[in-house]
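From a predicted model like this one, the values you see are computed outputs, not experimental measurements.
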Amino acid sequence: MTYCVAIKLNAGLVFLSDSRTNAGLDQISTFRKMIVYEKTDDRFMVLLSAGNLSISQSVREILQVERIKDNEDDEGITIWNAKSMFDAARVLGAAIRRVYERDAASLKQAGVDFNVSLIFGGQIKGEGMRLFQVYSAGNFIEATLETPYFQIGESKYGKPVLDRVITPTTPLDEAAKCALVSMDSTLKSNLSVGLPLDMVVYEANRFATDKVVCIDENNPYFKMLHGSWGHKLRQVFDSIEDPMWTGGATEVPLLVPSGRNQPLKKISNPDEKLI
C-alpha cells in the first residue's frame, strides 16, 4: 500500500508521497512513488502513483515516450510538447491504456487485478496550474476550488486534517505542514505506509523548483512535527469536558432528549419485536 497527497493552491502546488511497498508481511520494500518532470521556463509536472508497482513502473516508463495523435498528419502530443496540462493528462491516460492492452489479460490469468491510481499535476507555460487524479482506465478528474486536493492509496487516516485546514487561499508553507501532518497520521495508523517520504513544493509560474526533499526518520523538522502534533492533540483532547451521566453541573449536558429520534430500544426478552 502507499499514501500520496497533492494539493493545489492559489500560491502553488504541494506533493507528498511515502515509499513503502509490500506484497505480504515478509515482502516489504522501498520504492519511490513520485517523479518530477521539469523543463525550466517551459513546464513543471509531477506524477504520484499507487497500486500495483509493476503497472505503475511500466506506465512511468512508457509516459516518457508516449505520443497521441488527433489525426494522422500531426506530429503527436507528448508530455514534453503538450500545450496544456489537460493534453499531458491525456498522454498519461494513453500510457495507462497501452500497459492495459499489453498486460491486463496475463494479469487476470494470474488472478491479479489491473490496479493503478495516479495523481498528475503541474503547470505548462501559457496556462495556470492544474491537478488531476487519473484512474486505471486512463480517465481522469481535475481538482477544483471546492476540491483542492487529491489523495491516493491509504487515504482515510490523513483526510480529516486536510478537510479542516486546506482551502485554495492556504499559504504554501502552511499547506506543506498540513500535508506532513496528514502523512504522520497515516504513518501512525497504518503499517503499510512508511518512510522515507518525498516532498515537492512548487510556486506558481516558476516552471521549476528547488523545494525538493527526502524525509527520513532522522529529519529534524519531521521529528518535531511528529512529537508536537501528538502532544498538542492530546492537550486539546484533555481540554474538552468529559460527558456527564449523573446530572452533575455542566453547561453542555449529554443526556438530553433528541428533537427527532427516540432513544435506542432495549430488548429484554425473546418475545419482544425489534421493530
Side-chain angles (χ1 to χ4, degrees), residues 2-20 30 32-38 40 43-50 85 118-123 128-133 142-190 193-233 236:
T2 191
Y3 176 49
C4 302
V5 57
I7 305 169
K8 180 191 172 192
L9 310 160
N10 295 342
L13 297 160
V14 175
F15 302 90
L16 180 64
S17 64
D18 86 314
S19 60
R20 179 164 293 177
T30 297
R32 286 184 143 158
K33 317 295 177 57
M34 183 185 301
I35 186 167
V36 177
Y37 306 92
E38 180 181 288
T40 304
R43 65 194 59 220
F44 179 87
M45 300 173 289
V46 176
L47 179 66
L48 306 175
S49 60
M85 281 299 301
L118 302 141
I119 297 174
F120 187 50
Q123 186 175 18
M129 300 172 298
R130 302 178 76 170
L131 183 66
F132 301 92
Q133 182 167 347
E142 184 171 3
T144 65
L145 291 175
E146 295 76 23
T147 307
Y149 71 86
F150 287 132
Q151 301 167 284
I152 53 175
E154 195 57 72
S155 60
K156 56 185 174 290
Y157 304 104
K159 190 175 188 299
V161 67
L162 295 170
D163 285 338
R164 289 181 180 273
V165 172
I166 297 299
T167 70
T169 60
T170 302
L172 267 178
D173 289 341
E174 187 175 312
K177 177 174 65 175
C178 184
L180 287 169
V181 170
S182 174
M183 180 65 76
D184 181 66
S185 300
T186 306
L187 291 169
K188 179 71 173 176
S189 299
N190 194 300
V193 178
L195 298 168
L197 314 175
D198 286 310
M199 171 170 266
V200 170
V201 176
Y202 170 75
E203 296 175 43
N205 304 316
R206 287 282 306 276
F207 305 104
T209 187
D210 56 2
K211 296 181 178 179
V212 180
V213 62
C214 180
I215 301 168
D216 62 16
E217 64 276 5
N218 298 313
N219 183 279
Y221 182 84
F222 192 69
K223 288 171 67 175
M224 177 278 296
L225 180 142
H226 172 76
S228 296
W229 179 247
H231 178 66
K232 296 293 186 182
L233 198 61
V236 171

Trainee: Any side-chain heavy atom of Thr30 within less than 4.5 Å of one from Arg20?
Mentor: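 Result no, sub-4.5 Å side-chain heavy-atom pair not found.
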Trainee: Measure the shortest side-chain to side-chain distance between Val200 and Thr209 over non-hydrogen atoms and say whether it is less than 4.5 angstrom.
Mentor: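 Yes, side chains in contact.
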Trainee: For a 4.5 angstrom cut-off between non-hydrogen side-chain atoms, does Val46 reach Tyr202?
Mentor: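 Contact flag for Val46/Tyr202 side chains = no.
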Trainee: Taking the six-membered ring for Trp and the single ring otherwise, decide whether the centroids of Phe207 and Phe44 are under 6.0 Å apart.
Mentor: no
Trainee: Less than 4.0 angstrom from a charged side-chain N to a carboxylate O is my criterion; do Lys33 and Asp198 meet it?
Mentor: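 Answer for the salt bridge query: no.
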Trainee: Evaluate the side-chain proximity of Lys8 to Phe132: yes if any heavy-atom separation is below 4.5 Å, no if none is.
Mentor: no
Trainee: Looking only at heavy atoms, which two atoms of Ala179 and Val14 are closest? And how far apart?
Mentor: CB-CG1, 4.2 Å
Trainee: Which atom pairs, one a donor and one an acceptor, fall under 3.5 Å between side chains of residues 220-229 and the rest of the protein, sequence neighbours left out?
Mentor:
{"unit_1": "His226", "atom_1": "ND1", "unit_2": "Asp184", "atom_2": "OD1", "d": "2.6"}
{"unit_1": "Ser228", "atom_1": "OG", "unit_2": "Met224", "atom_2": "O", "d": "2.9"}

Trainee: Would you check if the side chain of Asp18 reaches a backbone N or O of Tyr3 as a donor-acceptor pair within less than 3.5 Å?
Mentor: yes
Trainee: Regarding Lys177 and Asp173, does a basic nitrogen lie under 4.0 Å from an acidic carboxylate oxygen?
Mentor: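 Asp173 and Lys177: not salt-bridged.
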Trainee: Before giving the answer on side-chain contact (heavy atoms from CB on, under 4.5 Å), spell out for Gln123 and Asn205 the whole-Å C-alpha distance, their side-chain angles and the decisive distance to 0.1 Å.
Mentor: CA-CA 7 Å; Gln123 186 175 18; Asn205 304 316; 2.7 Å; yes
Trainee: Side chains of Leu9 and Ile7: closer than 4.5 Å at any heavy-atom pair?
Mentor: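 Side-chain contact under 4.5 Å: yes.
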Trainee: Should Ser182 and Tyr157 be marked as a side chain to side chain donor-acceptor pair (under 3.5 Å) after you check the CA-CA gap, both sets of side-chain angles, and the distance that decides it?
Mentor: CA-CA 7 Å; Ser182 174; Tyr157 304 104; over 6 Å; no
Trainee: Could you check if a side-chain atom of Thr167 sits within less than 4.5 angstrom of a side-chain atom of Pro148, using non-hydrogen atoms only?
Mentor: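 Not touching, per the 4.5 Å side-chain cut-off.
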Trainee: Would you give the length of the straight line joining atom CD of Gln151 to atom CG of Leu48, rounded to the nearest 0.5 angstrom?
Mentor: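 Atom-to-atom, Gln151:CD and Leu48:CG are 12.0 Å apart.
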Trainee: If you define the side chain from C-beta out and look only at heavy atoms, does anything of Leu16 sit under 4.5 Å from Leu180?
Mentor: yes
Trainee: I need the minimum non-hydrogen distance between Ala175 and Thr170, along with the two atoms involved.
Mentor: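 The answer is N-CG2, 3.8 Å.
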Trainee: Got a sec, which pairs hit side chain to side chain donor-acceptor pair (under 3.5 Å) with one end in residues 210-220, sequence neighbours left out?
Mentor: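 Applying side chain to side chain donor-acceptor pair (under 3.5 Å) to every pair that reaches into residues 210-220, excluding sequence neighbours, yields Glu203-Lys211.
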Trainee: Is it the case that atom NZ in Lys188 sees more than 12 heavy atoms from other parts of the structure closer than 6.0 Å?
Mentor: no
Trainee: In Å and rounded to the nearest 0.5 Å, what is the OG to NZ distance from Ser189 to Lys156?
Mentor: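 Result: 9.0 Å between the selected atoms.
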Trainee: Evaluate the side-chain proximity of Leu47 to Met34: yes if any heavy-atom separation is below 4.5 Å, no if none is.
Mentor: no
Trainee: Grab the two heavy atoms, one from Leu131 and one from Gly121, that are nearest each other, plus how far apart they are.
Mentor: CD1-CA, 3.8 Å
Trainee: Show the nearest heavy-atom pair for residues Ala6 and Ile119, with the distance to one decimal.
Mentor: CB-CG2, 3.6 Å
Trainee: On a heavy-atom basis, which atom in Ala11 and which in Leu172 lie closest, and how many Å separate them?
Mentor: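 Minimum heavy-atom contact is O-CD1, 3.6 Å.
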Trainee: Of all heavy-atom pairs between Cys214 and Pro196, which one has the smallest distance, and what is that distance?
Mentor: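 Residues Cys214 and Pro196, closest heavy atoms: SG-CB, 3.8 Å.
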Trainee: Who are the side chain to side chain donor-acceptor pair (under 3.5 Å) partners of Arg130, not counting sequence neighbours?
Mentor: Glu127, Glu142
Trainee: Quick one, Thr169 with Asn10, criterion side chain to side chain donor-acceptor pair (under 3.5 Å). Give me CA distance, side-chain angles, the key distance, then yes/no.
Mentor: CA-CA 6 Å; Thr169 60; Asn10 295 342; 5.7 Å; no
Trainee: If you measure from CD1 on Ile166 to NZ on Lys159, what distance do you get to the nearest 0.5 Å?
Mentor: 12.0 Å
Trainee: In Å and rounded to the nearest 0.5 Å, what is the OG to CG distance from Ser185 to Asn190?
Mentor: 12.0 Å
